[in-house]
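The figures here come from the full heavy-atom set of this structure, side chains too, leaving out hydrogens, waters and symmetry mates. So that the names make sense, note that chain A is the first sequence line, chain B the second, and so on, each numbered from 1.
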Amino acid sequence: MPQSKLDSFVSSALKNVGIEEQIGYKIDVPPRREFGDFSTNAAIIAGKKLSRNPLDVAEEIVAALQKIDNLKLIRELKTVKPGFINIFLNDAYIQQSVLEIHKQDHAWGKGDDYKGQKILLEFVSANPTGPLHVGHGRWAVIGDIIGNLFKAVEYSVTKEFYVNNVGNQIEMLIKSIEAAKAGKPTPEGGYGGVYIRDISDKLKEQSSKIKTSGEIIKDIINQQKHVLSNLGIEFDSWFLESQLHEGNKIFAAVQILHDLGKTFEEGGAIWFKSQETGDDKNRVLIREDGRPTYFAADIAYHLDKYNRGFDQIINIWGTDHHGYVGRLKGAIGALGLPVEKFNIIIGQLVTLYRGDEPVRMSKRTGEMVTLQEVIDEIGCDATRFFFAATDVNSHLDFDLELAKKQSNDNPVFYVQYAHARICSILKKSQSLNPKSEQGDIISNLNDPAERRLMLKLLAWPETVKLAAKLRHPHRICEYGKELATEFHHFYEKCRVLGNSARLVLVDASRITLRNVLELLGVTAPESM
RNA sequence: GGGCCCGUAGCUCAAUGGAUAGAGCAACAGAUUUCUAAUCUGUUGGUUGGAGGUUCGAUCCCUCUCGGGCCCGCCA
């Protein structure tokens, strides 16, 4: 597509001015239309490198580009101000590229940049001590879409959910349920809330299949799975912490650290020398009473991930775990594993509001808004789009009132509406115009609105590539909104029915919008 | 006390170091004999928290500062 093609042109033009290496220039869509369809700062950077006037360098690059392209892709080149090169594309090239969209159809936007690389993506990993809440929803959606982005660039992705089904929290859960069953108050540090009562009520029923603590946990996990599936999310792998205990993998991992001289004993406990890796203090691996800590289990878990042979291991964690990042990376390094394969995406938390009032989540009282309630209230599509549309580095204020209220002019509907509108046109065109022919009609697309729409369509593959590289699902949402805007604009300006070239363009828009929504896991309705 | 993230229009958020900082919502004024008005066009709205610095160029990088969120367990 134009941008990647221009990129190869510019990089070979740079050789003509004596720049062979990567200098980190960019090819952008400029802020104003009169600056061209694309622009590059290559001459500015090259000028600095060569200690020459950037404008002179720009002229030379332009001359080289003209020779390379031979007037096929580029209609005009302009050098401006500090040394930008503004690029105007040939209409014919843009028009022909639109035909490419039809050929690629479902593959349109996908690439094979990372073909064959195996990647493990772990996210959500909520404790099986209660229902998923709104906060989990953010990671669920973000993780799922990052997974889709990775697949779009041909990573082989495994989506994994780690279940902490061992430890104090589980014991506390069982105690809380037993207390509720006996009509006693919630124990100190225990869990409250309706779901605890639900479980204890179930336990009282003669017919209930749920009896043991293992079954209680399993039931909670199944409920979590169910909610995720209501959001369109299926994990490839559910990794139970108990597997590590049963397989004796935790002690094995600690043994490796011990053999490498990374542990010591003090106060009856075995410690990891995490201070050597930059931690504030050393951390316990095996407690005084012989039980391993969560940290030890997590080390074993990540060792297991490495042993499964992934090229990249990625975790999505909330910022409440950020302090733990260095420690775990330190342990991985201490094991002699390649730390650079391991990346943790830290996301900011969701603050829930009901109007102006923040809704405090309390474990104790169990006062929380569950993910399922949100899905029930605003629907799967809106929930996904809402969580995906914001950079994970930003705090997200989730106002339930607003989410409900907006459900009618929520951006997701704006994008879906464009798709539905298109389907309606195409349906109508079939009855009016049973044969839509090919040929050179595509060259009739000369209206500015048509051109803008075409250029936006052609930006799709680059958008996917960049979003995958930066792991930024929100860029896909942004693109969806922009494309919908361009389409609606085009629709107002240009009558489609009876115009074969425009029908081709509309169908290309349909394909692109559908692929956008597909990547986001949002339905692409044919009517609304 | 130490660390991580954030601060952009009234509100919710965009902007891979680029050109005159953009959308949606809200407010105001318009557009429908016409392919879906869940749409479009226009107006109002900004010292990018503040002060320095680096750079041809800073919302973005560095230093300081103010404000907000989160973390600093032999919890998970």
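Out of B:rG18, B:rA14, B:rU16, the shortest distance to the side chain of A:D28 is found at B:rU16.
Residue A:N164 places none of its side-chain N or O atoms closer than 4.0 Å to OP1 or OP2 of B:rA76. Residue A:R475 places at least one side-chain N or O under 4.0 Å from the OP1 or OP2 atom of B:rU16. For B:rG73, the OP1/OP2 oxygens have no side-chain nitrogen or oxygen of A:R287 closer than 4.0 Å.
A distance of about 14 Å separates the C1' atoms of B:rC25 and B:rA14, rounded to the whole Å. The gap from the P atom of B:rC62 to that of B:rG42 amounts to 39 Å, rounded to the nearest Å. Going from the C1' atom of B:rC40 to that of B:rG24 covers 15 Å, rounded to whole Å. B:rC64 and B:rG57 are spaced 24 Å apart, taking the P atom of each and rounding to whole Å.
A side-chain donor-acceptor contact under 3.5 Å links A:N53 to the backbone of A:L55.
Applying the 3.5 Å distance criterion, the base of B:rG3 shares a donor-acceptor pair with the side chain of A:H322.
At a threshold of 4.5 Å between non-hydrogen side-chain atoms, the residues A:W271 and A:T263 do not count as touching. By the 4.5 Å heavy-atom criterion applied to side chains, A:F490 and A:E450 are counted as neighbours.
For the pair A:N393 CG and B:rG69 C1', the interatomic distance rounds to 13 Å; values are reported in whole Å. Atom-to-atom, CG of A:D320 to C1' of B:rC5 comes out at 12 Å; the value is rounded to the nearest Å. Atoms CE (A:M172) and C1' (B:rC75) sit 10 Å apart, rounded to a whole Å. Note: CD (A:E288) to P (B:rG73) measures 18 Å, nearest angstrom. Look at NZ on A:K329: it is 15 Å from C1' on B:rG3, rounded to the nearest Å. Rounding to whole angstrom units, CD of residue A:Q348 and P of B:rG69 are separated by 13 Å. Rounded to an integer number of Å, the gap from CZ of A:R327 to C1' of B:rG3 is 12 Å. Going from atom NZ of A:K481 over to atom C1' of B:rC13 covers 7 Å, rounded to whole Å.
In this structure, A:N53 reaches neither bases nor backbone, as no heavy-atom distance under 4.0 Å exists between it and the strands shown.
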With the sugar-phosphate defined as primed atoms, P, OP1 and OP2, and the base as all remaining atoms, what B/S/- string results for nucleotides 35-42 of chain B, 5' to 3', for protein heavy atoms under 4.0 Å? BBSBBSS-
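A ring-centre distance under 6.0 Å is not found for A:W139 and A:F123.
Near RNA chain B, meaning a heavy atom under 4.0 Å away, there are no residues from residues 460-471 of chain A.
The aromatic rings of A:H302 and A:W317 sit perpendicular, their planes meeting at an angle over 60°, well past the 30° parallel limit.
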